[in-house]
Structure formats: C-alpha cells, structure tokens
Protein chains: 2
Amino acid sequence: MSLDGQLPPKMRLLRAAAELLANSGGAAVSTRQITQLAGVTAPTLYHHFGDKEGLFDAVVAAGFEEYVAGERDFAPSGQPLEDIRRMWDNHVQFGLNQPELYLVMFGNIRPESRPAIVADAEALMEEMLNKAAAAGQLNVQPREAARSILAANVGVTLMLIAEPASERNLELSTMTRDAMIFAVSAEPASGTAPGDTGKSSVVVAAIALNAALQASHSDQLSSSELKLFLEWLHRISTSPA
Amino acid sequence: MSLDGQLPPKMRLLRAAAELLANSGGAAVSTRQITQLAGVTAPTLYHHFGDKEGLFDAVVAAGFEEYVAGERDFAPSGQPLEDIRRMWDNHVQFGLNQPELYLVMFGNIRPESRPAIVADAEALMEEMLNKAAAAGQLNVQPREAARSILAANVGVTLMLIAEPASERNLELSTMTRDAMIFAVSAEPASGTAPGDTGKSSVVVAAIALNAALQASHSDQLSSSELKLFLEWLHRISTSPA
DNA sequence: TAGCACCTATAGCATTGCTATATGAACTGA
DNA sequence: TCAGTTCATATAGCAATGCTATAGGTGCTA
C-alpha cells in the first residue's frame, strides 16, 4: 500500500496525491492519507510544496501538461476547423477520463490559479483558430471564437461528468460542438429572423407532418406502419378541437 | 455581529451560512463561524440540518428557488426563442450576482445533489423549448436542445465568473447564446432551403407535432394507439438527416 | 575530520466537523 | 393543575484535520 519505487519523495507525493484525488469520488483528501500512501511524513510534504494547496497545484500543473500534450498530439489535418473538432473531443475525453482532476482544473475557481489555466487552454485553441482565420474561414476574431468555443466545451464536459456514466450521451457534445463551430465559421450564415410564428395547435402540426411525409419518402416506417400512421394522423388533423 | 432578528434559529442559520458563503471569496466556511454569526451553538445546527452539507444543501435549495423565480418572472413575449434568450441572460446574471452560490450549484459536483439541480434547470428550459417546438421552430428534440443550451450557458457563466469583473465582456455571452439558439432553431421559411445543414421538414414537423401532442391531451386516439403513434413519431423525428 | 546545506522524522498545536448527554420550554391529556 | 412527552438548545469533549517548532540524520566540500 505504499508507492515506494526508489522514486524521490517529491515524486511519490505527487503520484500519491494524484491517485487519491482521482479515486476520491469528490470527497476530501487528507494530507495524512497522502503522506501515508507516499511512505513519507508530514513535514516532507510541507518542505517540498509549502502547502496542501501547493501540492494540489502541482498535481493540477502536471495534469495540465498532460492535457496540453493531448491537445497537440495529433497531426494537423490541414483543415483547421476539423482540428478544432478534434480538440473539442480531446477536451471532453480528458474530462471524462479524469473527472476529479478536471473539476479542480475547470470546475473549481480560485481567483488566481484557474484563470491562468483557462487562459492557457484558450491560447491553445486560439492558436488553431488563427489558422482558420488565415484561411478566411472565420467570421469573428479568433480570440473571441476561442473563448466562446472553450466555454461551451467546458460546460458540456461538466454536464457529462455530472451524469452517471451509463446515461452519458455524447451526442450532446457533438451537437454543441458543431453548433459552436458553425456559428464562428464564415459560411453564408443568413440572419436569424424568427419568421412567422406559426400557430401551435396539434392540428396544424399534424397537417404539416402529413404534408412533409407525403413529399419525402421517409423510410423510417414500414409501409404497413406508415399506412396506419397516416390514418391516425388524418384522424388527429381532422379533429374538431 | 449577530443575525438576531427574532427569527427562528433555523432561519438565522440559513442566512448566516448564505452570507458567509457569499463573502468567503471561495475560502472554506466553518460551522463555528456560521453558528457564531447566527448566535447559536453547534448542536442546533446539527439538529436542524443533520450535517454541514445538509445546511449547505438547504442554502443551495433556497438559492435555486431564487434562480427559478428569476427564470419565470418575466412575461412571455409570445416568441419562445426570444424568451429563451432572456432565460439565458437571467442565468448569466444570476451567476455574476452570486458567484459563490453559483459555483456550489453548477461548478461543484457531488454526484447526488448536483444532477438534481441541473435536471431541474434543464426542465425549466425544456418547458420553454416545448413551445418553440410546438411552433415548428426547433430542428432537434426540446430535451436535447435544452441540455445543449444549458451546458453552454453554464460554461459561459463560469468563464465570466472566473475573470476579473473589470475585464468581463458580456459579448461572449450574447455571441454564444445566439450561436446555440440559431443551431437548434428550424430554418425560418424564407425559401425553405431544404438541402443545407437544416434537418428535413419531416423531422421539424414531427418534432412540432410531438410537442403539441404532449401538451394537448388529444383524445382522438386511444391510449394504446397513442403509445404506438408516439413511438413511430419518435422514430421519425430522430431519423438521421 | 569539520562544517554545511539539504532533507526527513518526532511530537504536538489549533481548528475542524460532529456528538453524547443534559437542560429548558412548550404542549397534551387527565 | 400537573405529570408526561416532545421539541429545541446548551455544555463539554472526541477524533480527525492542516500545519509547524524542533531536532536528527545524510551526503557533499574543504
């Protein structure tokens, strides 16, 4: 139960802290647990890191190095926006793989350390977005785009972490990701005119669906299913209500 | 320095905890500080709330009531998507006004309590999106849209909280907000442009009908018919583009 | 060998969340 | 009116926490 490996105590403390943090399930981790697992006594910890927070900052810094490495460690595809997608997915995956560490990095807020990390993550993404801008693919400043995308990226990751692993639906991530990337990209994005506020009755909706179905040859339903479906639809769309 | 006001101790504890939490600047708040400010001794706290966490949960619950009240307390404009914008702005403002409370609610994660709150916030937004869907203004399921928008909303708010108040640029919020809303909204008539990134009109119509049906208790179909009908409707409205 | 900087251990302090127990107050039924 | 019961608060103290004052090795240089 001790992390001896002839490693220097400083390293053992770092690893012990990281391991306990990762397995704590959100609960607090005591210095006594850490020092015991590291096979070291208390003053050693305070000699090397000054503080419990100092130790945790070191753990976070190490985690951030790993994060940055993950964000850089793929061959650029030549399509900057495609690379942004991969950065997004990497970010989410990092959060899901190391939720506790991620929470300390992006979920917690201590007015000094967090902005530094966030700023670095922003810079990382901005760097990539600069290429997109150079290729004329952005319709906003790269910095603003990076901030916006990263904010959404963090929000999605936090939400995915918060829900039980069995219910996690990564479509939330891809959908939000593509929405953000589309929003900053220079495609011919027409205005968002709300348009006519169509009536909201069941009848109107049913009629619309009916018409759309007739015209589209959807193959989601078998022919017998479709027949019955249309009959019901007709019943609904001719209802007196 | 005491919160006496002839209020019952339970209330004084709640207010003391809320006040200390709001002014702690992220630092830990001890039960002794709370009980002293409330003019009460320790066992009183544990009698009423069982736990330090129990007390904080109560504070969060009260904060959430306030949040929900803020989200409901404006006249519906008749344009659901415009109301969604206001919900977003309310959310951000709540976070900036009470950052510490907000962090406990949305930034922290304790696998039990947080998902409940997030789920409630989701439901709140989904409720509004149902109206948009019923009006044929959505191209995704209201639930998915709500999750996606809320995730981005939280991410933006956290990022704004993290940076010094002087540098806060709310344009990050409006830009991300409009990007998300645009992404989930159906292409406004103006030419129908079927091919583009928008989903087919069948899907839009099916989603609208689904939302309208849920809200209207139509009795044109028997319950068993309705069940099967909804199942098919779901199949259609989640079909790949 | 002596001196020196570095690293670690022994032991203990103040504060933390929490509780076993007891005391008071308010209500209930006779 | 009064004993019994329940609710609410206080006294005092426990175990665990973060942290530290002090002292003891350990290896290097001279």
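Source: prediction; values computed, not measured. Here is how names work: the chains are called A, B, and so on, in the same order as the sequence lines, proteins then strands, and each is numbered from 1.
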K.L.:
In this structure, how many angstroms lie between the C1' atom of dC19(D) and the CG atom of L55(A), rounded?
P.N.:
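Interatomic distance, CG of L55(A) to C1' of dC19(D): 14 Å.
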K.L.:
Sequence neighbours left out, what pairs pass salt bridge (charged side-chain N to carboxylate O under 4.0 Å, His left out) with at least one residue falling in residues 24-39 of chain A?
P.N.:
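Those involving residues 24-39 of chain A do not exist here.
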K.L.:
In this structure, how many angstroms lie between the C1' atom of dC19(D) and the CD1 atom of I34(A), rounded?
P.N.:
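Spelled out: CD1 on I34(A) to C1' on dC19(D) is 13 Å.
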K.L.:
Can you give me every donor-acceptor pair (side chain of residues 37-47 of chain B, partner residue at least two apart or in another chain, under 3.5 Å) with its distance?
P.N.:
| from | atom 1 | to | atom 2 | distance (Å) |
| --- | --- | --- | --- | --- |
| T44(B) | OG1 | T41(B) | O | 3.4 |

K.L.:
For residues 139-152 of chain A, which residue pairs pass the salt bridge (charged side-chain N to carboxylate O under 4.0 Å, His left out) check, not counting sequence neighbours?
P.N.:
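Listed once each, the pairs are E122(A)-R147(A), E126(A)-R143(A), R147(A)-E163(B).
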K.L.:
Can you name the salt bridge (charged side-chain N to carboxylate O under 4.0 Å, His left out) partners of E127(B), sequence neighbours left out?
P.N.:
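Once residues adjacent in sequence are excluded, the partners of E127(B) under the salt bridge (charged side-chain N to carboxylate O under 4.0 Å, His left out) criterion are R72(B).
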K.L.:
Atom pairs under 3.5 Å, N or O on each side, protein against nucleotides 4-9 of chain D: can you list them with distances?
P.N.:
| from | atom 1 | to | atom 2 | distance (Å) |
| --- | --- | --- | --- | --- |
| dA8(D) | OP2 | H47(B) | NE2 | 3.1 |
| dT9(D) | OP2 | H48(B) | NE2 | 2.6 |

K.L.:
Please name all residues satisfying salt bridge (charged side-chain N to carboxylate O under 4.0 Å, His left out) with D89(A), sequence neighbours left out, ordered by chain then number.
P.N.:
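With sequence neighbours excluded, D89(A) shows a salt bridge (charged side-chain N to carboxylate O under 4.0 Å, His left out) to R177(A), given in chain and number order.
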K.L.:
Bend angle of the helix from dT1(C)-dA30(D) to dA30(C)-dT1(D) from five-pair axes at both ends, rounded to 10°?
P.N.:
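The two end axes of the helix from dT1(C)-dA30(D) to dA30(C)-dT1(D) meet at 10°.
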K.L.:
Just jot down the side-chain contact (heavy atoms from CB on, under 4.5 Å) partners of D178(A), sequence neighbours excluded, or say none.
P.N.:
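Applying side-chain contact (heavy atoms from CB on, under 4.5 Å) to D178(A) gives R85(A).
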K.L.:
My understanding is that only residues two or more places apart in sequence, or in another chain, count here; which of them pass side-chain contact (heavy atoms from CB on, under 4.5 Å) with N97(B)?
P.N.:
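With sequence neighbours excluded, N97(B) shows a side-chain contact (heavy atoms from CB on, under 4.5 Å) to Q93(B), given in chain and number order.
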K.L.:
Could you tell me the separation between the CG atom of L45(B) and the P atom of dA10(D), rounded to a whole number of Å?
P.N.:
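My rounded result for the distance is 12 Å.
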K.L.:
Using the test side-chain contact (heavy atoms from CB on, under 4.5 Å), find all partners of A18(B) that sit at least two apart in sequence or belong to another chain.
P.N.:
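Once residues adjacent in sequence are excluded, the partners of A18(B) under the side-chain contact (heavy atoms from CB on, under 4.5 Å) criterion are V59(B).
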K.L.:
What's the verdict on side-chain contact (heavy atoms from CB on, under 4.5 Å) for D83(B) and R86(B), showing C-alpha distance, side-chain angles and the deciding distance?
P.N.:
CA-CA 5 Å; D83(B) 289 341; R86(B) 269 195 266 181; 3.7 Å; yes
K.L.:
By side-chain contact (heavy atoms from CB on, under 4.5 Å), which residues pair with A183(B), not counting sequence neighbours?
P.N.:
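Scan of A183(B) (side-chain contact (heavy atoms from CB on, under 4.5 Å), adjacent residues dropped) gives A179(A).
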K.L.:
I'd like to check M180(B) versus M180(A) (side-chain heavy atoms, cut-off strictly below 4.5 Å). Are they in contact?
P.N.:
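They are in side-chain contact.
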K.L.:
Of all nucleotides in DNA chain C that come within under 4.0 Å of a heavy atom of chain A, which is furthest toward the 5' end and which toward the 3' end?
P.N.:
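Result: dC7(C) to dG12(C).
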K.L.:
R32(A) has an atom CZ; how far is it from atom P of dA16(D), in whole Å?
P.N.:
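Value for this atom pair: 9 Å.
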K.L.:
For the pair made of OH in Y46(A) and C1' in dT22(D), what is the distance, rounded to whole Å?
P.N.:
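Value for this atom pair: 17 Å.
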K.L.:
Using a cut-off of 4.0 Å on non-hydrogen atoms, how would the nucleic acid contact of A28(B) be classed: base, sugar-phosphate, or nothing?
P.N.:
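A28(B): no heavy atom of the nucleic acid under 4.0 Å.
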